There are 2 protein chains.
Amino acid sequence: MEEENNKKITIADVAKLAGVSKGTVDRVLHDRGGVSRKSMEKIRQVIDELGYEPNVYASMLAMRKEHVIACILPDSIKDDYWYLVREGFEKGGENIASMNIRTRIFLYDQYSPESFRKAGMQLLESNPSGVVLPPFFKNDTYTLANALSLRGIPYVYVDSKLEDDGHFAYYGMPMYKSGYLCARLLTLRVPQKQLKGVLVVRIIRDKMRQSDPTLNRRSGFLDYMAEHYPSSDIHNLFIDPQAPKDTERQLNTFFKAHPGIHHIVMFNSRVHLLSDYLSRNPDPDRVVVGFDNLEKNISALSSGLINILICQHTDLQSYNAVMALSDYIIKHKRPERKDNFMHMDILTSLNIDNY
Amino acid sequence: MEEENNKKITIADVAKLAGVSKGTVDRVLHDRGGVSRKSMEKIRQVIDELGYEPNVYASMLAMRKEHVIACILPDSIKDDYWYLVREGFEKGGENIASMNIRTRIFLYDQYSPESFRKAGMQLLESNPSGVVLPPFFKNDTYTLANALSLRGIPYVYVDSKLEDDGHFAYYGMPMYKSGYLCARLLTLRVPQKQLKGVLVVRIIRDKMRQSDPTLNRRSGFLDYMAEHYPSSDIHNLFIDPQAPKDTERQLNTFFKAHPGIHHIVMFNSRVHLLSDYLSRNPDPDRVVVGFDNLEKNISALSSGLINILICQHTDLQSYNAVMALSDYIIKHKRPERKDNFMHMDILTSLNIDNY
DNA sequence: TTTATTTTCGTGCACGTGCACGAAAATTTT
DNA sequence: AAAATTTTCGTGCACGTGCACGAAAATAAA
């Protein structure tokens with residue numbers, strides 16, 4: 001059908017062929033009613049026949065609305081996990097700035113659900129055309145998602161997603177699998193019988209957060225270990241990220257008590273917290289695996305303190321989310337898949353360049 | 001300076017403040033001369049003061065020109081290396097189709113420089129606004145690049161790049177490093193003394209191509225091996241991709257003669273050519289490393305025939321190239337870096353999902 | 001039928017930029 | 001100084017869509 005004879009088909013062409021005015025064509029294009037059934041059918045048919053496609057530029061030019069894509073985020077220091085999310089969002093923002101779409105970030109205190117709600121209200125007031133929504137406090141996130149649904153504002157989950165199905169898209173990571181992969185990489189060079197045990201370092205107050213996605217990662221890890229090294233011990237050590245000296249002392253104590261253990265993992269993004277201890281206590285047999293491409297992690301990898309980093313493009317998630325929303329705003333196109341799981345990158349000191 | 005009080009600054013605003021007409025402002029915006037020095041300076045100053053930024057939509061709407069981004073490629077069967085380049089290019093094309101930028105591919109026979117020149121002429125005749133240019137025949141590519149330069153058409157090298165500096169951008173891979181990484185991954189689990197040797201499988205007629213980028217990769221590989229396994233042998237086996245049965249026979253013969261060798265690498269994208277032999281001759285000690293995310297390679301990885309695939313986003317290269325060019329056409333923005341080296345992904349059967 | 005109401009539809013302007021045309025101003029030539 | 005030429009600049013329309021306004025047509029109420 002598609003008429004590909006150089007000239008672009010416009011609304012006027014459709015109108016003429018359908019024997020109506022371009023106003024009417026516009027009405028059916030945007031489903032805004034007030035068109036008789038006969039006209040509508042005729043117009044739809046002509047649109048198909050001619051293969052009409054709207055001109056994005058003319059459309060955006062005519063539609064004066066100023067578009068805003070918003071994001072709600074925990075306030076965070078530089079080089080934090082959430083900072084990566086933020087960076088990706090902002091990168092996307094730069095990319096679409098010239099398309100007259102602005103971005104706004106609403107920050108909250110990750111230890112105060114109250115502040116989340118407040119930020120959520122402000123976000124709604126800004127009347128965005130799309131929202132990037134990393135769930136944090138489950139119930140409050142759900143409330144916010146509902147409010148957005150009600151207003152017809154598309155929202156994209158990143159990081160993890162809630163069970164509601166009203167989201168526009170999701171960009172996240174296969175947490176369970178990442179844990180499984182982590183276990184495998186950790187034990188790559190270890191024959192079955194030699195593995196004495198593994199130390200899992202955890203953050204003491206992560207219990208606070210209602211739903212911790214790293215739990216799934218831990219499950220994946222434990223399952224692999226149970227399958228392949230059933231007799232090896234998994235030790236847990238809880239550290240306080242705000243007390244680096246305590247951390248170092250704890251690690252010292254632990255490894256004095258368990259001289260046979262050389263394998264360490266952390267399931268969140270903060271493996272760099274171990275850097276101090278690791279650099280002061282070299283061990284040729286040691287293997288350390290961590291997650292996420294924080295700058296500090298990457299430099300720890302480069303300098304050999306840790307061995308492997310499993311990266312899941314935390315920043316790409318929010319970047320993709322922004323781009324998906326802007327594509328929807330500009331071209332009215334939905335992403336190919338609604339739920340998108342990111343690829344896991346294995347980073348070692350050898351392939352860390354150009355990352 | 002930037003006036004951020006909601007209203008967008010237009011050319012008319014600039015014109016009024018500079019005491020000229022918008023036609024004149026347009027002239028300085030596009031450097032098309034015919035403007036007195038005094039006016040020009042005044043206008044430039046006002047533009048800075050007001051922080052004027054052109055409206056992309058209005059600009060593209062007014063400028064009727066139909067933009068084409070072209071690519072010159074070896075004709076290839078599906079699931080070939082060059083097919084990946086093509087897929088990336090086409091994916092980019094889909095993405096910008098709604099922005100009224102078309103893509104065109106000019107194919108040539110990779111065994112005929114003559115056909116390359118012909119395709120190049122056709123490409124020039126299509127008068128593209130930008131070109132994605134994977135070098136193949138060195139001299140002819142250089143000639144084509146020159147012709148493009150002369151016409152002011154930006155061209156982006158992908159895959160590898162020539163020494164001229166006229167290119168708009170480059171998206172490629174650190175070949176040497178990929179070889180080095182390959183060697184390391186191949187020998188990950190092998191103690192120094194146990195490695196008897198490695199088999200390098202090569203394509204018999206790759207000598208034909210004037211500059212073969214995989215040579216660098218081979219250098220990286222050999223350097224690593226010389227450093228870490230100085231006493232191990234590197235065997236070369238030349239196969240003909242069009243004679244699968246010969247290949248299998250050659251491999252059989254080789255491994256009968258060298259029972260101690262279990263490590264295989266191929267430096268091009270065709271490690272899948274070994275699949276038949278590998279599946280019919282299982283060897284628990286075997287390690288196979290290959291390159292590039294061809295579908296056949298990926299399925300060989302999934303089914304455990306090969307162990308590691310080093311991927312360099314062959315498709316992303318051409319995709320990025322298209323996007324960079326379209327960004328330039330639409331927003332007049334150049335990429336952040338001129339030369340972009342892609343990241344190397346390490347793929348195992350464990351992290352191959354969602355790739 | 002006449003009037004009132006609702007449904008359907010056409011007209012025309014605005015969005016901001018690019019560019020062609022030709023006029024005005026400046027400069028050179030006669 | 002007048003004419004010819006060159007330089008500089010202003011005017012106005014086109015691009016294709018969205019949307020407001022009000023007219024025409026269809027339907028309902030009188």
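Predicted, not measured: the structure shown is a model, and the values here were computed from it. So that the names make sense, note that chain A is the first sequence line, chain B the second, and so on, each numbered from 1.
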Could you tell me if [Y] and [X] have a donor-acceptor pair between their side chains, going purely by distance under 3.5 Å?
| X | Y | answer |
| --- | --- | --- |
| B:D339 | B:H167 | yes |
| A:D164 | A:Y157 | yes |
| B:Y319 | B:N95 | yes |
| A:H332 | A:D327 | no |
| A:E49 | A:Q45 | yes |

When we call it a touch if two heavy atoms are under 4.0 Å apart, what does B:L61 touch: a base, just sugar-phosphate, or nothing? base
Just how far is it from atom CE of B:M323 to atom CD1 of B:I69, taken to the nearest 0.5 Å?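 It comes to 9.0 Å.
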Do you know which two heavy atoms are closest between A:G93 and A:T103, and how far apart they sit?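 Reported closest heavy-atom pair: CA-CG2, 3.6 Å.
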Do you know which two heavy atoms are closest between A:P134 and A:L73, and how far apart they sit?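 The pair with the smallest heavy-atom distance is CG-CD2, 3.9 Å.
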Of all nucleotides in DNA chain C that come within under 4.0 Å of a heavy atom of chain A, which is furthest toward the 5' end and which toward the 3' end? C:dT8 to C:dG16
Strictly below 4.0 Å, heavy-atom distances to any atom of DNA chain D: list the hits from residues 13-28 of chain A, or just say none.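 Heavy-atom cutoff 4.0 Å gives A:K22, A:D26.
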